[in-house]
Amino acid sequence: MGRMNGWLRGLAVVVALWQVPHSHAWTLEEAAKPYKGVTVRTIGEALPPLEAMKAMAPEFTKRTGIKVEIEMYEHSEAVNKVMLDLNSKRARYDFILQPHRELGKFVANKHLQPIDRFLDDPKLRDPSFEPAKVLYPGLWKEISWYQGKVYGFPFTALTMYAWYRNDLLNDPKERAGFKAKYGYDLQPARDWKQYRDLAEWFTRPDKGLYGTALQGKRHEALWYEWLNFLYSFGGDVLDVKAGSDCGPVIVNSPEAIESLEYYKSLVKFSPPDTLNYFWDDVMALMQQGKVFELIMWNDATYAVAEDKEASTVAGKMAFDLVPQGKGGKVGQVEGWSYLIPASAKNQAAAYLFIQWMMAYDQQLKQHLNGGASARPDVYASKDVQKLAYAKASMQTNEVAKPKATLPQSGEMTDILVREISTFLVGQKTAKAALDTSAKDISKLLGKCAPLKYPVK
């Protein structure tokens, strides 16, 4: 409660500052004059949201004279390069795009510049941008705040939900055959029994089609994917209210064990190499029309659902919330944040670009080209509403559950990836794997994270 009150007090100060009257109209061009000719460099994940930002950056440069250089890498490589730069204090990057669950580690190591410094500066702050009013407040808090202090803005408000082939779902022959076998109409999966039935029905290896595809590689993608099952079955990793909180370890609850056993049951409806797949692999399979349904990220939907040059199933896809279990309607809070390193050389120029990118026009353009905005008004756009995945993204944002942003969050993920992998390859039972996970996470976090469920 103390942390929540701190965040609310900080938010009240920020809101009050935005309400201060201005003697003259603020303009980006005027604010950028001291930084003309400066080059700001950033790094992020090579996916459509960053590609869209790269396409828009020349417009910012034209208006301000500030050049923007963008480095794009695979998820893990982007994270590792940032950690190397921050730890070495080389200050290669003026702002960084990083998964929000790295926040605790960055803050503990004093790697970040809180952005209230820029929000307090009338020369830099655009009074027309009021994040407390225009962003999903819960998402902004979880993605870009840590223990009551604001460190940035959401670059992408990410979540995962169900993807499926709508053309196959509505094929009259498929509908008739499915009903004859299962006794109910072919429809998007509302629960996990229906999800399994659909996966079984559409598994046809002789025709190169599989019901689903798991991200079963020993990689963080495995953890991210399983979380959807864990949450829906009514489980969680820690019994806490916010990502920056520490609390009892519950990852070995009966609900968690049941969710992991169910998850493995889908291997038989996945391609033979599914335990070597991560997100890029399953996305490629869907683009090639080789999978009926899977659980995947919203920032990858554009490349499958809309990009006709890259995807054979563009225009044939539909999207929905993760099937419901004991946990009801759920999704996961995830996101990449705009953050400014404490060691960055061009902090003010970087902030001006970030602020420009958070404005409605840029957010809309980025979203329409594969982004995942944290602004509700973007989802209200008629153009966005035409996207096949718009409704699923919006609904999942509204029911998303936070995940740990503690300094040890990366090590917690490593523990779970290791143990889930041992279960998938048959070295341990689901209970043994999760009991070990719970014991190791409790030891890692210390006294604030006691075991709620006993382990042998």
Side-chain angles (χ1 to χ4, degrees), residues 39-57 60-61 66-87 90-107 109 111-115 118 131 135 139-140 142-146 150-159 220 224 243 279-280 297-300 302-303 333-347 349-359 362-363 365-367 369-375 403 405 409-410:
T39 296
V40 296
R41 183 179 287 109
T42 190
I43 180 173
E45 187 177 20
L47 280 175
L50 190 54
E51 293 167 357
M53 188 177 85
K54 187 173 183 178
M56 286 187 279
F60 176 82
T61 300
I66 299 171
K67 298 178 182 179
V68 183
E69 292 186 1
I70 300 170
E71 297 180 14
M72 296 190 285
Y73 299 96
E74 183 274 326
H75 179 114
S76 299
E77 191 173 3
V79 173
N80 291 337
K81 283 183 176 293
V82 165
M83 287 305 304
L84 286 172
D85 187 66
L86 294 177
N87 288 330
R90 290 179 302 173
R92 176 175 176 80
Y93 303 110
D94 297 295
F95 70 96
I96 54 177
L97 303 170
Q98 288 289 287
H100 81 285
R101 60 192 179 86
E102 301 289 334
L103 265 175
K105 185 188 299 182
F106 290 155
V107 172
N109 291 323
H111 285 323
L112 298 181
Q113 170 63 55
I115 64 167
F118 309 109
L135 300 177
L139 281 172
W140 186 30
E142 283 296 334
I143 292 173
S144 305
W145 291 66
Y146 192 77
V150 59
Y151 288 93
F153 298 116
F155 172 68
T156 47
L158 302 182
T159 190
E220 61 193 310
Y224 275 121
W279 39 61
D280 288 356
W297 292 104
N298 60 333
D299 63 339
Y302 179 84
V333 166
E334 181 64 30
W336 285 57
S337 291
Y338 288 103
L339 304 168
I340 298 177
S343 59
K345 300 171 185 175
N346 300 302
Q347 295 184 4
Y351 178 79
L352 286 174
F353 178 74
I354 294 168
Q355 182 176 241
W356 180 77
M357 279 298 302
M358 292 305 300
Q362 283 71 252
Q363 287 287 296
K365 191 178 298 184
Q366 186 181 38
H367 193 90
N369 287 279
S373 181
R375 293 186 59 135
K403 59 169 64 72
T405 55
S409 64

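In this chain, numbering begins with 1 at the start of the sequence shown.
Note on E102 versus K105: salt bridge recorded, some NZ/NE/NH1/NH2 to OD/OE distance being below 4.0 Å. Salt-bridge annotation for R41 and D94: absent, with no side-chain N of the basic residue lying under 4.0 Å from a carboxylate O of the acidic one. Checked for salt-bridge contact, R92 and E71 meet the test: a charged N lies under 4.0 Å from a carboxylate O.
No donor-acceptor distance shorter than 3.5 angstrom exists from the side chain of D85 to the backbone of K81, with no hydrogens or angles considered. Although no hydrogens or angles enter the test, the distance criterion places no donor-acceptor pair under 3.5 Å between the side chain of E69 and the main chain of T39. S409 contributes a side-chain N or O that, together with a main-chain N or O of R101, makes up a donor-acceptor pair within less than 3.5 Å.
Nearest approach of A350 to V40, heavy atoms of both residues: N-CG1, 3.8 Å. For the residue pair P114 and Y151, the shortest heavy atom distance occurs at CG-CE2, 3.6 Å. Shown here for V68 and A57, the closest heavy-atom pair between the two residues is CB-CB, 4.1 Å. Of all heavy-atom pairs between Q363 and M357, the closest is NE2-O, 2.9 Å. Across R90 and L84, no two heavy atoms sit closer than the pair NH2-C, 4.4 Å. Counting all heavy atoms, side chain and backbone alike, L158 lies closest to N298 at CA-OD1, 3.3 Å.
With rounding to the nearest 0.5 angstrom, the OG atom of S337 is 12.5 Å from the CZ atom of F95. Rounded to the nearest 0.5 Å, atoms CD (E334) and OG1 (T156) are 8.0 Å apart. Rounded to the nearest 0.5 Å, atoms CH2 (W140) and CZ (R375) are 12.0 Å apart. Put simply, OH on Y302 and CG on L47 are 13.5 Å apart, with the number rounded to the nearest 0.5 Å. Rounding to the nearest 0.5 Å places CZ of F153 at 8.0 Å from CD1 of I354. To the nearest 0.5 Å, the span separating CD on Q355 from CD1 on I115 amounts to 9.0 Å.
When side chains are defined from C-beta on, L97 counts as touching Y338, because their heavy atoms get closer than 4.5 Å. The closest side-chain heavy-atom distance from Y146 to H100 is not below 4.5 Å. Residues L139 and P154 have side chains not in contact (no heavy-atom distance under 4.5 Å, counting atoms from C-beta outward). Contact annotation: the side chain of I96 never approaches that of I340 to less than 4.5 Å [non-hydrogen atoms, C-beta and beyond]. A heavy-atom distance below 4.5 Å is not found between the side chains of M358 and P131. Using a 4.5 Å heavy-atom threshold, the side chains of I66 and T61 count as separate. Residues Q362 and M53 have side chains not in contact (no heavy-atom distance under 4.5 Å, counting atoms from C-beta outward). Within the 4.5 Å cutoff, the side chain of F155 has heavy atoms near those of the Q366 side chain.
With 3.5 Å as the limit, one finds no donor-acceptor pair spanning the side chains of E45 and Y73.
Under the salt bridge (Lys or Arg N to Asp or Glu O under 4.0 Å) criterion, E74 pairs with no residue at all, not counting sequence neighbours. Residues satisfying the ring pair (Phe, Tyr, Trp, His ring centres under 6.0 Å) test with H75, not counting sequence neighbours, are W279, W336. For the salt bridge (Lys or Arg N to Asp or Glu O under 4.0 Å) test, residues two or more places apart in sequence or in another chain that qualify with K365 are E59.
The aromatic rings of W356 and F60 sit tilted relative to each other, their planes meeting at an angle between 30° and 60°.
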Between I43 and Y93, does a side chain to side chain contact (heavy atoms under 4.5 Å, CB included) hold up when you go through it step by step? CA-CA 7 Å; I43 180 173; Y93 303 110; 3.5 Å; yes

